[in-house]
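Working notes, structure below.
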Protein chains: 2
Amino acid sequence: MSQGAIREQTTAADLAETVEAAHRAFLEGRSADPRTRSEWLDSVASALEADAEALVEVASRETHLAEQRLTGELRRSVFQLRLFAAEIRAGEHLDATIDHADPQWGMGPRPDIRRMNVPLGVVGVFGASNFPFAFSVAGGDTASALAAGCAVVHKGHEAHPELAVLTAAAVVRGLEAAGAPTGLFGLVTGREAGIQLVQHPLVKAIGFTGSTAGGRALMDLAAKRPEPIPFYGELGGINAVVVTPSAWQKRRSEVLSQYVGSFTLGMGQFCTKPGLLFVPAGEDEELEQPLREALRGVTRHPLLSEHLAAGYEKAVDAMSSLEGVRTLIPGSFGPAPEPTVLEAEAGAAFADPELLRREMFGPASLVVRYSDDDELLRLVGLLEGQLTTAIQGTADDVSPTPGELTGQLAERLVERSGRVLWNEWPTGVTVSYAQHHGGPYPATSSNTTSVGTAAIRRFLRAVAFQGWPEDRLPEPLRDANPWRVPQRVDGVWKRPEIGQGEAE
Amino acid sequence: MSQGAIREQTTAADLAETVEAAHRAFLEGRSADPRTRSEWLDSVASALEADAEALVEVASRETHLAEQRLTGELRRSVFQLRLFAAEIRAGEHLDATIDHADPQWGMGPRPDIRRMNVPLGVVGVFGASNFPFAFSVAGGDTASALAAGCAVVHKGHEAHPELAVLTAAAVVRGLEAAGAPTGLFGLVTGREAGIQLVQHPLVKAIGFTGSTAGGRALMDLAAKRPEPIPFYGELGGINAVVVTPSAWQKRRSEVLSQYVGSFTLGMGQFCTKPGLLFVPAGEDEELEQPLREALRGVTRHPLLSEHLAAGYEKAVDAMSSLEGVRTLIPGSFGPAPEPTVLEAEAGAAFADPELLRREMFGPASLVVRYSDDDELLRLVGLLEGQLTTAIQGTADDVSPTPGELTGQLAERLVERSGRVLWNEWPTGVTVSYAQHHGGPYPATSSNTTSVGTAAIRRFLRAVAFQGWPEDRLPEPLRDANPWRVPQRVDGVWKRPEIGQGEAE
């Protein structure tokens, strides 16, 4: 591992040195061909696999998450690196576009002009505490920034300091083993270092996963820089779920049992936890009994940290004290709390939409009862931006003839969400080509995704080349297409046979 | 033309009404299929063509630009609408991506998840004075926002108020003739209305072309909103051009003559005007004589406005008064100024890099002389973000063997530019698939383009659908692909034969 890449507590001088080293590594590595760069990612994946036992052990101790969950999360992070490696080998991310000179072009003669994506530079990445692998040191932001051709300076999360150092060591070892430039990845720690990272002139973008308050503060810093930079923040999450009247009638206990499973998964410490459930109005009994039954099957674990446990209690207290909110099933607080279910009528939300907008990060959720379609649509209309929303319905809701409620619901949910689910639950985010883990503010700070291959695009910008001789053009823009990447030529996409679908 | 869409001086109440009408039209029109939406754009193009004579006449009176130039610019704007119509008919902008459920997926079973782009909502567009057609009411921002499926509220530029109203009337007439929802396009005027437009909660993105100072102020407003929105600003432009020693030796008078042609084109009132020329050191004579000769061929016109003429004089004065800057060829000031050429040695720029960073909007440019390759590379290293940069060289500079300077120059220019030209000049921006009219800050405020089909992407965001039955999915995401759009299916792009390359 290179000297200075990883530090226990980062001073201003150390931060600057780490960023400068990352910048030098970026300059040295930026023109690497996709195959070479993909080997760097694959090598990081292998290094993580090699250290899996030690990583999971330390993670388990520092985060209190179950070993099985951590093993799965590490597998996911390793898979992600390999998927991104395959994606850049295929050259999808370059968006290579070639317009040959055309004297007949409709607005007047067109020069030869060719565009492709290039990496932004050094990217600052802030890890989250709740996914110590998938959204931390070697998580999605790091993987996508490295795949784009950027260097990464990661600000480690204080909730898993030892794991951060151990993971960073594996990342650095993997990069060096594959011949990547020294300094391409660095770790810094401490609140001050985070602030300096956002403000450093050589840092060209930020990836962040965390709270809305913390994210907004850093986002504002990024916007106020002499040279503002993009801030890709994945912030709060309410993840409202709508249960249709038909599903309530036909699938009530199944829906409530799955709801409990989803909102208590990982002790509710997911940004996709369903924190809000809209169900038809009725007797408390019909809601309470199935919930109590499902809750009996929940295994408790300690929350990620004491800090988080204190924040959770405060958030549930605050929500409970809003006018019209009552505790349907009281849980407990402390290190390993029992789940809490709150309840309110639609009218309370109309009087104070804050009910629908407060996150309780942990194993609590709010059930809001609507009396008719109109009330339900009005409630949905009060939702702020969401990472996900879902409808729990039945075949009747999607039959071609009536189904009007579903159509109207879907329209409103799409407007407010990054991902809209039908009869599925939001927890569990697959890494794939079509994944979109984003959503309007305050779910995220930008119209992008932090999960899936599309995340790579965040760390690229386009450059056009006009009038250059063929052999001085970057490889992806040459007519001969030596890298065999997809090229859009005079408006028509041409994809080489070989290399296509390699990620499969 | 609809009541209330166009106003002479917009009050706060009128602004709100226009934005709300645009929002209603957006909701009504957002699910239109690409063919229908493309007809709206084509109809706007036809309406502009039908009014061409009147539009050019008013533009000529209000902007003092030559009739031929205005006719060409209007043709370009009409072409742009039709190109964008063809692009969305082909469905390129939807980025439809389908991942079928896959129990064997590497990180664990994958659900059925499908992603496509949807329009953002109401877009606020600020027009520029220097391109009264191509970057104003019916310009690139409006065309790309409408193509994306957004509604547009345009803040008219005070430099061409009558033209703004006339153009807006044609846009509205075109939209209504094709059956687009009423209110999809609206015009507002006045500084206050502009500020309110950026702050209105229903406005979801801003397109802006203008000065760095004005753009930054609005950008900061957009960033400070409770819900921050993307601000796509095309701001200042220096557009440095490097003349290699070889070109200076072999093509000097040609290069200087083309330079004069480019920096005086349209009286230097282009954001792509070459405001900076790097040439080898030497006697003033060898520079001055060819410049004087070329300048004799320049036809003068009045500048766009008195306000702009005053700003031009101030900018040239300020640059002239920087230490080490001398006037090589003094021009004049006033309504129709004679061009000015300033000169400085590299040392002056090293002492004060401001020399390389100040825009003089009008027919003036600064020549900076370098004594060797090292000085040239250091000068280029001091450049801020540029819309364009260019190299004027010879075949020797791109021969495979030596050519080191070209490689190093290109690397540094790509880092700082949105478009890099070889032996061409930056003025004249074609509208095509590969165009990129952007560049790092302060050239623009984002990593996007405001010209070319890629501009459409700015006004879209992705939404993923998980687990939905085929017939309730949006058309672009159905396996049956009723709209025949390109779909990436399980990692592999599939493009329908029909509809491909329609824009050709």
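Residue numbers start from 1 in every chain, and the chains themselves are labelled A, B, ... in the order their sequence lines are given, proteins ahead of strands. Here the structure is a predicted model, which means the values were calculated and not measured.
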**Asked** In terms of the angle between their ring planes, are Phe79(A) and Trp105(B) parallel, tilted or perpendicular, with boundaries placed at 30° and 60°?
**Response** perpendicular
**Request:** Could you tell me the separation between the CD atom of Glu424(B) and the CD atom of Gln466(A), rounded to the nearest 0.5 Å?
**Result:** 4.5 Å
**Contacting moiety of Ile391(A), where chain B heavy atoms sit under 4.5 Å** = side chain
**Message:** For Met219(A), which atoms come within 4.5 Å of any heavy atom of chain B: side chain, backbone, both, or neither?
**Reply:** side chain
**Minimal non-hydrogen separation, Arg110(A) against Ser432(B), with atom names** = CD-CB, 3.9 Å
**Request:** Please test Trp493(A) against Arg495(B) for side-chain contact (heavy atoms from CB on, under 4.5 Å), starting from the C-alpha separation and ending with a verdict.
**Result:** CA-CA 9 Å; Trp493(A) 278 103; Arg495(B) 286 166 198 278; 3.1 Å; yes
**Which portion of Pro230(B) sits near chain A, non-hydrogen atoms under 4.5 angstrom** = side chain
**Asked** Can you name the side-chain hydrogen bond (donor to acceptor under 3.5 Å, both in side chains) partners of Thr427(B), sequence neighbours left out?
**Response** Ser262(B)
**Item:** Sequence-distant partners of Thr448(A), side chain to side chain contact (heavy atoms under 4.5 Å, CB included), two or more places apart
**Value:** Tyr232(A), Ser446(A), Arg458(A)
**Asked** When rounded to the nearest 0.5 angstrom, what is the spacing between CD1 in Ile113(B) and CG in Leu421(A)?
**Response** 7.0 Å
**Message:** Given heavy-atom pairs under 4.5 angstrom as the criterion, report whether the side chain, backbone, both or neither of Asp99(B) touches chain A.
**Reply:** both
**Item:** Contact class of Pro226(A) relative to chain B, heavy atoms under 4.5 angstrom
**Value:** backbone
**Asked** Atom CZ in Arg472(A), atom OG in Ser399(B): separation rounded to 0.5 Å?
**Response** 7.5 Å
**Item:** Which portion of Lys224(B) sits near chain A, non-hydrogen atoms under 4.5 angstrom
**Value:** backbone
**Request:** Give the minimum heavy-atom separation between Asp220(A) and Ala223(B), together with the two atoms involved.
**Result:** OD1-O, 4.1 Å
**Message:** With rounding to the nearest 0.5 angstrom, report the CG to OH distance, Asp490(B) to Tyr433(A).
**Reply:** 8.0 Å
**Prompt:** If every non-hydrogen atom of Val429(A) is compared with every non-hydrogen atom of Met107(B), which pair is closest and at what distance?
**Reply:** O-CE, 3.8 Å
**Request:** Tell me, please, which residues at least two apart from Pro440(A) pass side chain to side chain contact (heavy atoms under 4.5 Å, CB included).
**Result:** Arg461(B)
**Message:** Please classify the contact between Arg216(A) and chain B as side chain, backbone, both or neither, with a heavy-atom cut-off of under 4.5 Å.
**Reply:** side chain
**Item:** Toward chain A, the part of Thr453(B) with a non-hydrogen atom under 4.5 Å
**Value:** side chain
**Check against side-chain contact (heavy atoms from CB on, under 4.5 Å), Thr406(B) and Trp468(A)** = CA-CA 11 Å; Thr406(B) 305; Trp468(A) 285 78; 4.2 Å; yes
**Message:** Sub-4.5 Å heavy-atom contacts with chain B: which residues of residues 411-419 of chain A show up?
**Reply:** Glu411(A), Val414(A), Glu415(A), Arg416(A), Ser417(A), Gly418(A), Arg419(A)
**Nearest non-hydrogen partners of Ala434(B) and Arg115(A), listed with the distance** = O-CB, 3.1 Å
**Prompt:** Under a 4.5 Å heavy-atom cut-off, does chain B meet the side chain of Arg76(A), its backbone, both or neither?
**Reply:** both
